[in-house]
Amino acid sequence: MAKKIFTKKKKWLIFGGGGTLVVILIAISLMKKDDDAIKVETETIVRQTIIHKVNASGKIQPETEVKISATSSAWIDSITAEEGDYVKKGQHLITLDRKQLLSNYNAATSSVRSANARLKQELASRKRVENMYEQNLASDQELEAVQASYEIANSSLAQAKSSLESREDDLNKARIVSPQDGIVTAVNKEVGEMAVGGMFQAEVLMIIADLNRMEVIVDVNENDVVSVSQGDTTEIEIDAFQDTLFYGVVSEIAHMAQTSSVGSAEQVTNFEVKIRMIQVPDGIRPGMSATANIITDKKDNVLTVPIQSLTVRPEGSENMRFEKNKGSDKNDESKRQKAKKMEELVFIVAEKPEGVLRNGTVSEMDEKLLKKIKISKDEKVVHIRPVHVGISSETHYEVLSGIDEGEEIVTGSYRAISKDLSHNKVVKTGDNEKNDKSGFSIKIGSNKSGD
């Protein structure tokens with residue numbers, strides 16, 4: 001008797017388990033069918049303003065900055081201005097040792113006096129010989145000699161005076177004054193140090209800058225500089241001034257490129273662009289880091305698509321989906337070769353499958369293949385739509401042709417747009433997904449009669 005009861009229970013367990021397995025397989029099948037529809041995010045095409053910006057980073061520098069050096073090497077006797085001081089044009093800044101310069105000046109002065117005395121002597125000799133020549137007491141040769149001596153003496157005096165002026169200028173430059181109004185931004189020497197002067201390798205003793213007029217010097221990539229013009233408005237962000245936006249105007253664009261990492265994979269070609277700041281904030285300092293957004297173009301009331309919505313596919317990709325199932329033969333291979341040309345496109349949400357709207361004409365599709373696409377009431381399909389785009393902002397592209405206002409476009413996910421979606425692919429939009437939350441559940445009750 002116990003053996004019979006055990007056998008009955010065993011049978012119920014087998015049948016119950018088998019039934020449960022069937023229900024689970026049906027549920028998996030239904031879920032799999034539901035998963036064929038790709039969930040996407042969409043938005044409606046509207047008109048808006050597109051502002052194209054070129055982003056570049058660089059440093060802030062004064063528009064006018066003067067580096068002060070000595071014209072001749074000498075010891076520094078005194079420095080009258082410190083870093084951060086405001087100085088005016090002509091104000092005394094640095095005094096150099098004048099002993100050697102003064103000695104040279106005195107020697108030049110003595111040479112002028114000597115040359116002047118000799119000129120007087122030669123002048124008297126010339127007058128005397130000229131008088132004698134008039135009385136036929138001097139020859140032509142003597143007259144020519146005395147006139148030549150006078151010219152030589154006159155030339156020597158002029159040379160001595162020129163040397164004196166040079167020595168005087170050196171002596172005056174031992175007292176260095178400010179060439180402009182501004183702030184002392186750097187003092188590179190101390191009293192008692194040697195100021196190395198000269199025409200080619202002079203040391204910078206002090207820097208004076210006008211901090212009321214500042215500019216941002218940025219490096220713009222060669223691909224972007226062609227769209228930048230003098231006078232373009234610029235938004236400037238300074239790292240030291242958080243959450244504050246300043247404005248500037250492009251004042252100068254370099255004609256020569258600056259190339260870094262030449263010959264390597266990291267080679268970069270940039271052009272230096274100067275941006276004059278319209279308003280200079282208090283506390284700004286030369287050398288501060290800044291980022292500039294140069295506004296190169298602006299278009300109002302144009303059709304736009306989000307940047308992430310634009311993708312590329314081989315031309316004729318609407319047919320490739322069905323060719324994959326036909327096996328690979330020579331005809332398929334030739335078609336793939338023809339489809340290598342890429343085109344920019346977006347995915348448009350539609351109610352039913354159909355051909356591709358390209359250049360104003362809807363392409364023909366195989367009706368048998370279209371009928372195989374099954375769409376439930378809460379699903380839609382997407383069509384590829386080739387487009388031509390213009391300028392771009394940080395978030396959108398301007399659309400020149402290919403779509404109309406009010407159409408629904410796929411904006412996400414990234415994987416769906418870049419890989420999963422294809423022409424006439426079945427999708428579920430965000431609204432459809434809300435209607436599909438109910439799903440179904442499997443409930444297996446106990447069969448008490450079997451116990």
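Below, all heavy atoms of this structure are taken into account, side chains as well, without hydrogens, waters or symmetry copies. Just so you know, these numbers come straight off a predicted model, no measurement behind them.
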(message) Counting C-beta onward and ignoring hydrogens, is there a side-chain heavy-atom pair between E41 and S413 closer than 4.5 Å?
(response) no
(request) Answer with yes or no whether the side chains of N359 and T361 bring together a donor and an acceptor at under 3.5 Å. (result) no
(request) For K298 and T49, test the side chains for any donor-to-acceptor distance below 3.5 angstrom and give the result as yes or no. (result) no
(message) side chain to side chain contact (heavy atoms under 4.5 Å, CB included) for T64 and R213? Distances and angles first, verdict last.
(response) CA-CA 8 Å; T64 306; R213 294 187 301 167; 3.2 Å; yes
(request) Please confirm whether the backbone N or O of G402 pairs with a side-chain atom of R385, one donor and one acceptor, at under 3.5 Å? (result) yes
(request) Check V87 against S178 and note the closest heavy-atom contact, atom names and distance. (result) CG2-OG, 3.7 Å
(message) With a 4.5 Å cut-off on side-chain heavy atoms, are V410 and I417 touching?
(response) yes
(request) Inspect the surroundings of CD in E405 and state if more than 12 heavy atoms from other residues, nucleotides or ligands are less than 6.0 Å away. (result) yes
(message) Please check: side-chain N/O of H383 versus main-chain N/O of V346, any donor-acceptor pairing under 3.5 Å?
(response) no
(message) When you compare the side chain of I51 with that of I295, does any pair of heavy atoms fall below 4.5 Å?
(response) yes
(message) Taking the side chain as everything from C-beta on, heavy atoms only, tell me whether T234 gets closer than 4.5 Å to V250.
(response) yes
(message) List the residues meeting side-chain contact (heavy atoms from CB on, under 4.5 Å) with A186, not counting sequence neighbours, and say none if there are none.
(response) N188, I207
(request) Search all heavy atoms of L303 against all heavy atoms of R47 and return the closest pair with its distance. (result) CD2-CG, 3.7 Å
(message) Under a 3.5 Å cutoff, is there a donor and acceptor pairing between the side chains of S376 and E379?
(response) yes
(message) Whether the side chain of S251 engages the backbone of K274 through a donor-acceptor N/O pair (distance < 3.5 Å, no angle test) should be reported.
(response) yes
(message) Has S163 got a side-chain atom pairing as donor or acceptor with Q159's backbone, closer than 3.5 angstrom?
(response) no
(message) On a heavy-atom basis, which atom in D420 and which in I38 lie closest, and how many Å separate them?
(response) CB-CD1, 3.7 Å
(message) Is it true that, when you exclude Q279 itself, more than 12 heavy atoms of the residues, nucleotides or ligands shown sit nearer than 6.0 Å to its CD?
(response) no
(request) Kindly indicate whether the side chain of P62, heavy atoms from C-beta on, has any atom under 4.5 Å from the side chain of D210. (result) no
(request) Please determine, by modelled atom types, if E408 and T42 share a side-chain donor-acceptor pair under 3.5 angstrom. (result) yes
(message) So L171 and R167, do their side chains get closer than 4.5 Å, heavy atoms only?
(response) no
(message) So does G197 get a backbone contact from the side chain of S73, meaning a donor-acceptor N/O pair under 3.5 Å?
(response) yes
(request) Verify, without hydrogens or angle tests, whether N104 (side chain) and L101 (backbone) share a donor-acceptor contact under 3.5 angstrom. (result) no
(message) Quick one, R313 with E343, criterion salt bridge (Lys or Arg N to Asp or Glu O under 4.0 Å). Give me CA distance, side-chain angles, the key distance, then yes/no.
(response) CA-CA 6 Å; R313 291 287 192 278; E343 62 181 355; over 6 Å; no
(message) Just verifying a value: how many Å separate L211 CG and E63 CD, rounded to the nearest 0.5 Å?
(response) 11.5 Å
(request) Find the distance between CG (D77) and CD1 (I94) and round it off to the nearest 0.5 Å. (result) 11.5 Å
(request) Evaluate the side-chain proximity of V356 to P386: yes if any heavy-atom separation is below 4.5 Å, no if none is. (result) yes
(request) Would you check if I238 and M277 make a side-chain contact, meaning some heavy-atom pair closer than 4.5 Å? (result) yes
(request) Applying side-chain contact (heavy atoms from CB on, under 4.5 Å) between F271 and each of H255, E222, Q258, M256, report the one that passes. (result) E222
(message) Heavy-atom count check: over 12 atoms from other residues, nucleotides or ligands less than 6.0 Å from K161 NZ?
(response) no
(message) To the nearest 0.5 Å, what is the distance between CG on L93 and CD1 on I176?
(response) 8.0 Å
(request) Please report the shortest heavy-atom distance between T311 and F347, naming the atom on each side. (result) CG2-CE1, 3.9 Å
(request) Check the pair I275, V249 against side chain to side chain contact (heavy atoms under 4.5 Å, CB included), reporting the backbone distance first and the verdict last. (result) CA-CA 5 Å; I275 302 168; V249 177; 5.8 Å; no
(request) Enter the distance from E394:CD to N55:CG here, rounded to the nearest 0.5 Å. (result) 8.0 Å
(request) Write down the atom of S69, the atom of V204, and the distance for their closest heavy-atom approach. (result) OG-CA, 3.7 Å
(request) Could you tell me whether a side-chain N or O of S227 sits under 3.5 Å from a main-chain N or O of V225, the two making a donor and an acceptor? (result) no
(message) Testing the 3.5 Å rule here: is there a donor-acceptor pair between the side chains of R358 and S363?
(response) no
(request) Among V305, V399, V349, find the one that has a side-chain contact (heavy atoms from CB on, under 4.5 Å) with I409. (result) V305
(message) What's the separation between atom OG1 in T269 and atom CD in Q267, rounded to the nearest 0.5 Å?
(response) 5.0 Å
(message) Between E215 and R276 (salt bridge meaning N to carboxylate O under 4.0 Å), is one present in this structure?
(response) no
(request) Before giving the answer on side chain to side chain contact (heavy atoms under 4.5 Å, CB included), spell out for E344 and Y397 the whole-Å C-alpha distance, their side-chain angles and the decisive distance to 0.1 Å. (result) CA-CA 12 Å; E344 293 181 326; Y397 281 109; over 6 Å; no
(request) For the pair I208 and I183, evaluate side chain to side chain contact (heavy atoms under 4.5 Å, CB included) and give the outcome as yes or no after the intermediate values. (result) CA-CA 5 Å; I208 297 176; I183 303 292; over 6 Å; no
(request) Examine the side chains of T304 and Q48 and answer whether a donor and an acceptor come within less than 3.5 Å of each other. (result) yes
(request) State whether the side chain of S393 and the backbone N or O of H396 hold a donor-acceptor pair below 3.5 Å, judged by distance alone. (result) yes
(request) Report the distance from atom CD1 of I403 to atom NE2 of H388, rounding to the nearest 0.5 Å. (result) 12.0 Å
(message) Is it the case that the side chain of N424 and the backbone of E354 share a donor-acceptor pair, with hydrogens and angles ignored and the cut-off at 3.5 Å?
(response) yes
(message) Taking A81's backbone N and O only, do any of them form a donor-acceptor pair with D85's side chain (distance below 3.5 Å, no angle check)?
(response) no
(request) Kindly give the heavy-atom pair with the smallest separation between K189 and I76, and that separation in Å. (result) CB-CD1, 3.5 Å
